[in-house]
Undergrad: 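Here you go, one structure.
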Amino acid sequence: MEPHGGRRTKCYGFSQNERIRKRKDYERLKRKGKRIRGKHFIINYAENGLECHRLGLVVPKRCFKKAVERNRLKRCVREWFRLHKHDIDEPYKDLVVIAIGNIEDLSCRKVAKELCGLCSSAGLGRFVLRL
RNA sequence: GGAGUAGGCGGCAUGAUCGCCCUGCACAAUAGCAGGGAGGAAAGUCCGGGCUCCAUAGGGCAGGGUGCUGGGUAACACCCAGUGGGGGCGACCCCAGGAAAGUGCCACAGAAAACAGACCGCCCGCCACCUUCUUUAAGCUAACGCAUGGGACAUGUUACGGCGGAUUGUAAGUAAACCGCUUAGUUAAAAGAAGGUGGUGGGUAAGGGUGAAACGGUGAGGUAAGAGCUCACCAGGUCCUGCGGUGACGCAGGAUGCUUGGCAAACCCCACCCGGAGCAAGACCAAAUAGGGGAGCGCUUGAGGGUGGCCCGCCCGAUGCUUCCGGGUAGGUCGCUAGAUCCCUCUGGUAACAGGGGGACCAGAUGAAUGAUCAUGCCCCGGUGAGAUUACCAUCGGGAACAGAACCCGGCUUAUGACUUACUUCACCU
RNA sequence: UGGGGUGUCGCCAAGGGGUAAGGCACGGGUCUUUGGAACCCGCAUUCGGAGGUUCGAAUCCUCCCACCCCAG
């Protein structure tokens with residue numbers, strides 16, 4: 001239940017190969033991936049055939065004008081993925097989280113709550129809020 | 001205490017857990033240990049440099065920038081110190097080459113908007129016309145008066161008349177001559193005077209309700225009317241001389257009647273400065289694929305190409321010979337952080353700053369790191385409670401700004417919460 | 001990140017120191033039984049914002065704001 005010591009610590013890391021870093025991957029997910037649409041986020045996902053889940057982020061400058069806001073939102077989503085990636089069912093998938101619209105309250109708790117709800121309703125797994 | 005002016009410092013702290021990036025250490029399957037990890041504005045990209053390539057950045061034109069003086073600096077549109085002008089009660093703040101080189105613009109209004117002087121007006125001369133008066137000589141008409149007639153009124157009379165006066169004369173009066181008075185209109189000619197209207201030739205710039213801005217101001221003399229035309233005082237300009245200052249400039253004295261609008265953030269002139277692009281610059285390694293490409297030497301023409309807008313200049317350059325195997329896209333590495341650096345101190349300088357000594361190492365990502373959660377404390381705001389208010393204490397809730405490095409520096413500008421120093425001014429208390 | 005450009009009525013826009021053209025739309029009227037069309041009238045307290053130069057700025061200068069494009 002608690003993230004602090006309940007499991008082994010290295011399970012909650014977020015290393016380089018857990019990130020989507022290529023333009024081709026983003027375009028593949030945009031064309032062929034499945035899509036869930038929430039109030040503030042869109043999630044594209046598809047199976048990747050690798051050993052782990054991967055996360056990609058899109059935060060358009062059109063919706064968030066200041067660099068501080070964009071960076072903060074990315075950190076919140078990364079924090080959610082770091083703590084909840086073991087709740088996603090296998091096989092391993094690529095996820096792209098796209099932020100849309102204005103989120104007034106940028107707290108990590110609200111972002112995680114909405115993303116957990118969104119993934120649960122899409123049948124990606126059983127999510128437990130860990131913040 | 002209120003209002004204000006000019007600055008300064010620093011931009012919550014500590015701990016725990018889970019994470020991210022870099023460096024180092026060992027180690028080689030992950031993993032582990034140690035150290036470090038956003039800002040004063042990192043922002044806007046408005047200036048100036050470094051660095052890289054183009055030729056080592058060269059000449060001319062075009063274009064751009066700066067603009068009181070002196071200094072600082074790698075450089076600047078920045079900073080410091082001063083000069084002059086303007087604003088504010090004041091602390092303080094703002095502005096700055098040239099308009100008597102040239103061109104242009106100044107709507108509407110106004111006589112006129114930039115340099116000559118035109119228009120109205122004022123004055124003088126001449127011409128024409130008109131009016132009035134006078135004179136030269138009268139004439140005509142009507143009236144007053146008078147006479148006659150009569151009911152209102154009509155007729156006659158414009159002087160040889162009427163009225164008055166006084167003189168002579170007379171006893172006194174009358175009468176004649178003498179003097180004065182006797183209305184208005186009108187006609188023709190000539191001359192003169194005054195005035196007016198129009199035209200024309202000159203003299204003037206005193207005055208002309210306008211406008212953002214109008215040709216120095218006041219007074220006196222002067223004149224046909226006037227005018228710096230002359231004079232006195234005041235304001236300004238130009239020139240000269242002396243003194244002080246590196247200089248902008250200041251002070252003092254003298255000469256000159258010189259009085260000449262504003263706009264150069266309009267073109268422009270003058271002085272000084274600027275080659276172009278930008279780390280996605282540029283250099284190196286190098287799959288797949290397609291097929292050639294590079295280096296050196298020689299020679300005539302030198303098409304064409306290489307860098308900024310153009311010209312010059314410079315470099316490469318068709319073909320031949322020799323020789324070599326490489327070039328380039330995805331991707332990767334370097335550039336990439338030790339520097340006009342920071343801290344302390346001494347010396348020089350009013351200061352900006354410069355120099356010397358000692359110490360320190362302080363982000364380097366690239367789909368892009370510096371975060372999340374929890375606890376405690378500090379600060380601010382609000383509520384409640386205790387105490388008569390404030391301060392202070394307890395408790396609950398909320399808040400803690402602006403904002404995120406992307407090659408690096410120096411400035412400017414903009415955004416922004418709290419604290420604090422000096423000074424000005426107002427009010428109150430002593 | 002770097003380099004360029006544009007903001008004028010609800011929309012498209014001209015004007016580059018002297019009263020902000022025009023078209024579409026909108027509102028009112030004429031015409032018509034009514035609507036459309038046609039015709040007439042109206043509609044910018046000020047040109048993205050703030051300072052400055054000027055007698056006077058949409059226009060010239062400076063600084064901000066918003067939007068768009070290009071390079072990868």
Side-chain angles (χ1 to χ4, degrees):
Chain A
M1 186 68 190
E2 292 178 359
H4 324 298
R7 298 189 184 191
R8 290 183 59 190
T9 54
K10 62 180 178 180
C11 295
Y12 293 99
F14 185 52
S15 63
Q16 287 281 352
N17 52 12
E18 286 179 284
R19 303 174 189 181
I20 301 174
R21 305 177 69 171
K22 296 290 192 302
R23 188 178 184 81
K24 282 181 183 175
D25 291 332
Y26 279 94
E27 287 178 351
R28 178 173 59 81
L29 281 161
K30 189 179 175 184
R31 277 201 315 275
K32 298 182 179 175
K34 295 182 181 175
R35 176 174 296 185
I36 324 163
R37 189 186 175 96
K39 192 177 178 184
H40 298 119
F41 297 99
I42 298 174
I43 301 176
N44 288 349
Y45 65 97
E47 295 181 12
N48 58 3
L50 298 173
E51 296 283 314
C52 60
H53 297 295
R54 294 197 302 173
L55 176 69
L57 289 165
V58 175
V59 181
K61 203 172 185 177
R62 187 181 298 270
C63 302
F64 303 91
K65 290 176 182 177
K66 293 178 179 175
V68 175
E69 295 174 1
R70 290 196 299 275
N71 286 345
R72 187 174 199 82
L73 193 62
K74 285 183 191 173
R75 284 167 190 156
C76 290
V77 176
R78 272 191 217 108
E79 196 73 10
W80 164 81
F81 180 78
R82 188 172 68 80
L83 296 171
H84 295 90
K85 61 185 177 182
H86 298 290
D87 293 337
I88 303 171
D89 291 337
E90 293 188 14
Y92 291 110
K93 297 181 181 67
D94 283 351
L95 277 80
V96 173
V97 177
I98 303 168
I100 49 168
N102 263 336
I103 303 171
E104 298 83 13
D105 191 3
L106 283 171
S107 74
C108 287
R109 218 176 283 258
K110 287 197 172 183
V111 169
K113 194 175 177 183
E114 181 172 349
L115 286 170
C116 283
L118 206 57
C119 290
S120 298
S121 64
L124 286 171
R126 292 173 55 83
F127 285 86
V128 181
L129 195 61
R130 293 179 198 278
L131 277 173

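Hydrogens, waters and symmetry mates are skipped; everything else that's a heavy atom, side chains included, is used. Below, chains carry the letters A, B, ... as their sequence lines are ordered, and counting in each starts from 1.
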Undergrad: Within 90° of 0 counts as syn, otherwise anti: where does G185(B) fall?
TA: anti

Undergrad: Could you write out each protein N or O paired with an N or O of nucleotides 369-371 of chain B at a distance under 3.5 Å?
TA:
| residue | atom | partner | partner atom | Å |
| --- | --- | --- | --- | --- |
| A369(B) | OP1 | Arg78(A) | NH2 | 3.3 |
| U370(B) | OP2 | Arg75(A) | NE | 2.8 |
| U370(B) | OP2 | Arg75(A) | NH2 | 3.3 |
| G371(B) | N2 | Glu79(A) | OE2 | 3.4 |

Undergrad: Using both distances under 3.5 Å as the test, list the Watson-Crick or G-U wobble partner of G253(B), or none.
TA: C240(B)

Undergrad: When you check the glycosidic angle of G228(B), does it come out syn, meaning within 90° of 0, or anti?
TA: syn

Undergrad: Round to a whole Å and report the spacing from CD of Glu69(A) to P of G404(B).
TA: 9 Å

Undergrad: Taking the same atom, C1', in A142(B) and in U182(B), what whole-Å distance lies between them?
TA: 16 Å

Undergrad: State the syn/anti category of A401(B) according to its glycosidic angle, syn meaning within 90° of 0.
TA: anti

Undergrad: Rounded to the nearest angstrom, tell me the gap between atom CZ in Phe14(A) and atom P in A372(B).
TA: 16 Å

Undergrad: If G63(B) has a Watson-Crick or G-U wobble mate with both distances under 3.5 Å, name it; if not, just say none.
TA: C274(B)

Undergrad: Considering every strand shown, what is the Watson-Crick or G-U wobble mate of A111(B) when both distances are under 3.5 Å?
TA: none

Undergrad: According to the Watson-Crick and G-U wobble definitions, with both distances under 3.5 Å, which nucleotide is paired to U300(B)?
TA: none

Undergrad: Any idea if C362(B) is syn or anti, going by the 90°-from-0 cut?
TA: syn

Undergrad: Calculate the interatomic distance between Leu55(A) atom CG and C20(B) atom C1'; express it in whole Å.
TA: 14 Å

Undergrad: Round to a whole Å and report the spacing from NZ of Lys66(A) to P of C65(C).
TA: 10 Å

Undergrad: Can you confirm whether Leu118(A) sits close enough to Ile43(A) that some side-chain heavy atom of one is under 4.5 Å from a side-chain heavy atom of the other?
TA: yes

Undergrad: Distance check, P atoms only: C95(B) and C79(B), in whole angstrom units.
TA: 11 Å

Undergrad: Take atom NZ of Lys61(A) and atom C1' of G72(C), then tell me their distance rounded to the nearest Å.
TA: 14 Å

Undergrad: What is the separation between atom CZ on Arg21(A) and atom P on A330(B), rounded to the nearest whole Å?
TA: 18 Å

Undergrad: Between G10(C) and G5(C), how far is it from one P atom to the other, in whole Å?
TA: 28 Å

Undergrad: Given that both distances must come in under 3.5 Å, which nucleotide forms a Watson-Crick or G-U wobble pair with A154(B)?
TA: U148(B)

Undergrad: Could you check which nucleotide pairs with A34(B) in any of the strands shown, counting Watson-Crick or G-U wobble with both distances under 3.5 Å?
TA: U23(B)

Undergrad: For nucleotides G3(C) and U103(B), find the distance between their P atoms and express it as a whole number of Å.
TA: 44 Å

Undergrad: Specify the separation, in whole Å, of atom CG of Leu115(A) and atom P of A372(B).
TA: 16 Å

Undergrad: Do Tyr45(A) and Ile88(A) touch side chain to side chain, with heavy atoms closer than 4.5 Å?
TA: no

Undergrad: Check whether any side-chain heavy atom of Tyr26(A) sits under 4.5 Å from a side-chain heavy atom of Val58(A), and report yes or no.
TA: yes

Undergrad: Is Val111(A) close to Leu73(A) at the side-chain level, that is, under 4.5 Å between some pair of heavy atoms?
TA: yes

Undergrad: Would you say that Val96(A) contacts Ile42(A) through its side chain, given a criterion of any heavy-atom pair below 4.5 Å between the two side chains?
TA: no

Undergrad: Say we look at G7(B) and C353(B): how far apart would their P atoms be, to the nearest angstrom?
TA: 15 Å

Undergrad: I'd like to know if the side chain of Glu18(A) pairs up with that of His53(A) as donor and acceptor (distance under 3.5 Å, no hydrogens or angles considered).
TA: no

Undergrad: Considering only nitrogen or oxygen atoms on both sides, find all protein atoms under 3.5 Å from nucleotides 67-71 of chain C and state each distance.
TA:
| residue | atom | partner | partner atom | Å |
| --- | --- | --- | --- | --- |
| C67(C) | OP1 | Lys65(A) | NZ | 3.4 |

Undergrad: Please tell me if the side chains of Trp80(A) and Cys116(A) come closer than 4.5 Å, counting only heavy atoms from C-beta onward.
TA: yes

Undergrad: Applying the Watson-Crick and G-U wobble criteria at under 3.5 Å, what pairs with G10(C)? Answer none if nothing qualifies.
TA: C24(C)

Undergrad: Identify whether the distance between the nearest side-chain nitrogen and carboxylate oxygen of Arg82(A) and Glu79(A) falls below 4.0 Å.
TA: yes

Undergrad: Is the shortest side-chain heavy-atom distance between Ile98(A) and Phe41(A) below 4.5 Å?
TA: no

Undergrad: Give the rounded distance in Å between these two atoms: CZ of Arg70(A) and C1' of A43(B).
TA: 12 Å

Undergrad: Using atom P in both nucleotides, what's the gap between G202(B) and A227(B) to the nearest angstrom?
TA: 24 Å

Undergrad: Roughly how far apart are Ser120(A) OG and His84(A) NE2, rounded to 0.5 Å?
TA: 9.0 Å

Undergrad: Checking one value: the base orientation of U337(B), syn if chi is within 90 degrees of 0, otherwise anti.
TA: syn

Undergrad: Considering only the C1' atoms, how many Å lie between G48(B) and G247(B), rounded to the nearest integer?
TA: 27 Å

Undergrad: Could you tell me whether the side chain of Phe81(A) reaches within less than 4.5 Å of the side chain of Val97(A), counting heavy atoms only?
TA: no

Undergrad: I'd like the C1' distance from U424(B) over to A415(B), given in whole Å.
TA: 30 Å

Undergrad: My understanding is that only residues two or more places apart in sequence, or in another chain, count here; which of them pass side chain to side chain donor-acceptor pair (under 3.5 Å) with Asp94(A)?
TA: Arg28(A), Asn48(A), Arg54(A)

Undergrad: With both distances under 3.5 angstrom, what nucleotide forms a Watson-Crick or G-U wobble pair with G173(B)?
TA: none

